[in-house]
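Worksheet: the structure to be examined is printed underneath.
These numbers come from a predicted model, not from an experiment.
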Amino acid sequence: MTNRTGITMGGNPITLIGTEAVVGEKGTNFTVVDFSLKPVTLDDFAGKIKIISVVPSIDTGVCALQTKRFEAEAAKLEDTVVLTISVDLPFAQKRFAGENSIENNHLLSDYQTHDFGVEYGFEIEGLALLSRGIVVLDRDNVIRYVEYVKEVTTEPDYDAALAVAKSL
């Protein structure tokens with residue numbers, strides 16, 4: 001487990017804990033929950049290209065934009081699933097999905113175990129929130145793209161992640 005620095009939130013330095021996701025390495029399986037509190041694992045999306053959109057909270061402006069952008073993109077992608085992971089309660093995610101017609105983007109919560117946050121190194125030390133970023137995995141769960149957004153209050157590089165996903 002490594003601690004990473006150089007990331008800020010509102011200009012203030014934060015430290016990410018957990019195992020850093022590295023391009024070319026195999027993505028670790030993890031367990032999160034869906035709207036009904038049912039466990040969901042990476043293995044549930046076997047054989048698909050996965051875009052994991054990581055957000056601190058869907059109820060904030062930038063996170064909402066990121067989630068809506070990937071909703072729009074998911075409808076255009078073949079053989080690809082979009083998973084938006086936060087530590088929001090599943091009930092808040094379900095409300096957000098209903099209010100924003102989210103149908104192609106799987107909103108999943110890491111609130112119970114923080115398994116994803118630690119396994120992929122997005123857990124913000126001391127806040128129990130996830131940092132912002134994107135991970136793209138191929139059909140065999142090999143990591144093909146990773147972005148840990150340097151300033152958590154800004155949007156990720158959608159185009160770079162989507163270009164990698166489309167190339168797989």
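- Residues Val40 and Val33 fail the side-chain proximity criterion, which asks for heavy atoms closer than 4.5 Å.
- Considering Ile52, Leu107, Val55, Val135 in turn, Ile52 is the only one that fulfils the side chain to side chain contact (heavy atoms under 4.5 Å, CB included) rule with Ile85.
- Counting only distance, with no hydrogens or angles, the side chain of Thr67 and the backbone of Leu65 share no donor-acceptor pair below 3.5 Å.
- To the nearest 0.5 Å, atom OG1 of residue Thr28 and atom CD of residue Glu119 are 5.0 Å apart.
- Remark: side-chain polar atoms of Glu147 are paired, donor with acceptor, to backbone N or O of Asp157 under 3.5 angstrom.
- To the nearest 0.5 Å, the span separating CD1 on Ile58 from CG on Asn105 amounts to 10.0 Å.
- Pairing each heavy atom of Pro56 with each of Val152, the nearest pair is CG-CG1, 3.6 Å.
- The pair Asp44-Lys38 does not meet the salt-bridge criterion, since no charged nitrogen lies less than 4.0 angstrom from a carboxylate oxygen.
- Under the 4.5 Å side-chain heavy-atom criterion for Ile, Leu, Val, Met, Phe, Trp and Tyr, Val22 and Ile7 are members of distinct hydrophobic clusters.
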Checklist entry - Can Asn141 and Lys50 be said to form a side-chain hydrogen bond (donor to acceptor under 3.5 Å, both in side chains), step by step? => result CA-CA 8 Å; Asn141 291 337; Lys50 278 87 47 195; 2.7 Å; yes
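- Counting only N and O atoms by type, the side chains of Ser109 and Gln93 include no donor and acceptor under 3.5 Å apart.
- Hydrophobic clustering of Ile, Leu, Val, Met, Phe, Trp and Tyr side chains at less than 4.5 Å, counting indirect connections, keeps Phe45 apart from Ile49.
- Linking Ile, Leu, Val, Met, Phe, Trp and Tyr residues whenever their side-chain heavy atoms come within less than 4.5 Å places Val136 and Val82 in a single cluster.
- Legend: residues meeting ring pair (Phe, Tyr, Trp, His ring centres under 6.0 Å) with Tyr111, ordered by chain and number and at least two apart, are absent.
- The two atoms that bring Arg132 and Glu155 nearest to each other are CD-CA, 4.3 Å, heavy atoms only.
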Next on the checklist: For a side chain to side chain contact (heavy atoms under 4.5 Å, CB included) check, start with the C-alpha distance between Ile124 and Met9, then their side-chain angles and the critical distance, and finish with the verdict.
Outcome noted: CA-CA 10 Å; Ile124 301 173; Met9 186 172 190; 4.2 Å; yes
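- Residues Val62 and Phe70 fall into different hydrophobic clusters, defined by Ile, Leu, Val, Met, Phe, Trp and Tyr side chains chained together at heavy-atom separations under 4.5 Å.
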Item to check | Leu77 and Leu162: CA distance, side-chain angles, deciding distance, side chain to side chain contact (heavy atoms under 4.5 Å, CB included) verdict | outcome: CA-CA 9 Å; Leu77 298 169; Leu162 289 165; 4.2 Å; yes
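- Note on Glu73 versus Lys76: salt bridge recorded, some NZ/NE/NH1/NH2 to OD/OE distance being below 4.0 Å.
- Scanning both residues, Gly27 and Leu137, for their nearest heavy atoms gives CA-CD2, 3.8 Å.
- Taking Asn29 as the reference, Thr41, Leu42, Asp43 meet the side chain to side chain contact (heavy atoms under 4.5 Å, CB included) condition, with sequence neighbours excluded.
- Applying the side chain to side chain contact (heavy atoms under 4.5 Å, CB included) test to Thr154 and every residue at least two apart in sequence or in another chain returns Val149, Glu151.
- Here the side chains of Lys68 and Asn100 are in contact, with some heavy-atom distance below 4.5 Å.
- Closest approach of Gln66 to Gly133, counting heavy atoms only: NE2-O, 3.6 Å.
- Judged by distance alone, with hydrogens and angles left aside, the side-chain atoms of Thr113 form a donor-acceptor pair with the main-chain N or O of Asp115 at under 3.5 Å.
- Note on Leu127: it clusters hydrophobically with Phe122, by side-chain heavy-atom contacts below 4.5 Å among ILVMFWY residues.
- In this structure a side-chain-to-backbone donor-acceptor pair under 3.5 Å is missing from Glu25 to Ile143.
- To the nearest 0.5 Å, the span separating CZ on Arg139 from NZ on Lys48 amounts to 8.5 Å.
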Next on the checklist: Determine whether Leu108 and Phe35 satisfy the following criterion, side chain to side chain contact (heavy atoms under 4.5 Å, CB included), listing intermediate values before the conclusion.
Outcome noted: CA-CA 7 Å; Leu108 301 166; Phe35 297 154; over 6 Å; no
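- Atoms NZ and CG, on Lys94 and Asp88 in that order, are 15.5 Å from each other to the nearest 0.5 Å.
- Of all the heavy atoms in Asn104 and Glu71, the pair that sits closest is N-OE1, 2.9 Å.
- When all heavy atoms of Ala160 and Tyr145 are compared, the pair lying nearest together is CB-OH, 3.6 Å.
- Formation of a donor-acceptor pair under 3.5 Å by the Asp138 side chain with backbone atoms of Asp140 is found in this model.
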Item to check | CA sep, side-chain torsions, deciding dist, call: Phe116, Glu123, side chain to side chain contact (heavy atoms under 4.5 Å, CB included) | outcome: CA-CA 8 Å; Phe116 170 81; Glu123 180 90 8; over 6 Å; no
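- Annotation: the span from Ile102 atom CD1 to Phe96 atom CZ amounts to 5.5 Å, rounded to 0.5 Å.
- Within the 4.5 Å cutoff, the side chain of Arg144 has no heavy atoms near those of the Val23 side chain.
- Here the OH atom belonging to Tyr120 is positioned 10.0 Å from the OG1 atom belonging to Thr19, to the nearest 0.5 angstrom.
- Heavy atoms of other residues, nucleotides or ligands lying less than 6.0 angstrom from CD of Glu99 number more than 12.
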